[in-house]
Amino acid sequence: MTPAERVTAYYDDLRTGDADRIARHFTEDAVHWFTRREPEHGARTIARDAALAVEQLGAVWTLEHLVANDDEAAIEWSMAYDHPRSGRRVMDRGAELFAFRDGRISEVRAYYAERGGDLVGFDHAARGHSTL
């Protein structure tokens, strides 16, 4: 798979909440970095936590935009979910940079704003991006 195909398939599998399907996209020693919490290490850990988000929060990820070459990929994404304290449906938005090794994701660097990550003045709906 090309990096673009891998990331697209990964995001398709994220929506299923199936940890095995999610894990298949990562190297065993992959690292998923975040801006607001400690990194996740290993394909199984990354996949387990994503599956829990689907199960417990009703998380639905959408790949909004993708740019890739033969070695790396960058995306914009959104994730709608039920806020754990209020129960309200909210949406986060962010960007991720992907590194690859042997055709699988070896690193994700996720940059995002939690709860209310819309770009100020940007018409997400008019650009075809997900909205609540």
At their closest point, which heavy atom of [X] faces which heavy atom of [Y], and how far apart are they?
X	Y	result
Ala50	Ile22	CB-CD1, 4.0 Å
Trp61	Arg15	O-NH1, 2.5 Å
Arg21	Asp13	NH2-OD1, 2.7 Å
Trp77	Asp92	CZ3-O, 3.8 Å
Leu66	Ala73	CD1-CB, 4.1 Å
Val54	Leu14	CG2-O, 3.5 Å

Donor-acceptor contact below 3.5 Å, side chain Arg6 vs main chain Gly103: yes

Charged N-O contact under 4.0 Å between Arg44 and Asp20: yes

Set of ring pair (Phe, Tyr, Trp, His ring centres under 6.0 Å) partners for Phe26, sequence neighbours left out: Tyr10

Counterpart residues, ring pair (Phe, Tyr, Trp, His ring centres under 6.0 Å), relative to Phe34 (two or more places apart): His32

[X] side, atom [atom1]; [Y] side, atom [atom2] - distance, nearest 0.5 Å:
X	Y	atom1	atom2	answer
His25	Tyr11	NE2	OH	11.5 Å
Phe100	Glu72	CZ	CD	9.0 Å
Arg37	Asp49	CZ	CG	6.0 Å
Glu107	Thr27	CD	OG1	9.5 Å
Glu96	Tyr111	CD	OH	10.5 Å
Phe98	Arg109	CZ	CZ	10.5 Å

Ile105-Val31 co-clustered via ILVMFWY side chain contacts under 4.5 Å: no

Verify same cluster id: Trp33, Tyr112 (apolar side-chain graph, 4.5 Å): no

Non-hydrogen side-chain atoms of Asn69 and Pro3 separated by less than 4.5 Å: no

side-chain contact (heavy atoms from CB on, under 4.5 Å) evaluation trace for Tyr81 with Val60: CA-CA 6 Å; Tyr81 65 100; Val60 177; over 6 Å; no

Contacts of Asp82 that satisfy side-chain hydrogen bond (donor to acceptor under 3.5 Å, both in side chains) - sequence neighbours left out: Arg89

Polar side chain donor-acceptor pair, Glu64 to Ser78, under 3.5 angstrom: yes

Whether over 12 other heavy atoms sit under 6.0 Å from Arg88 CZ: no

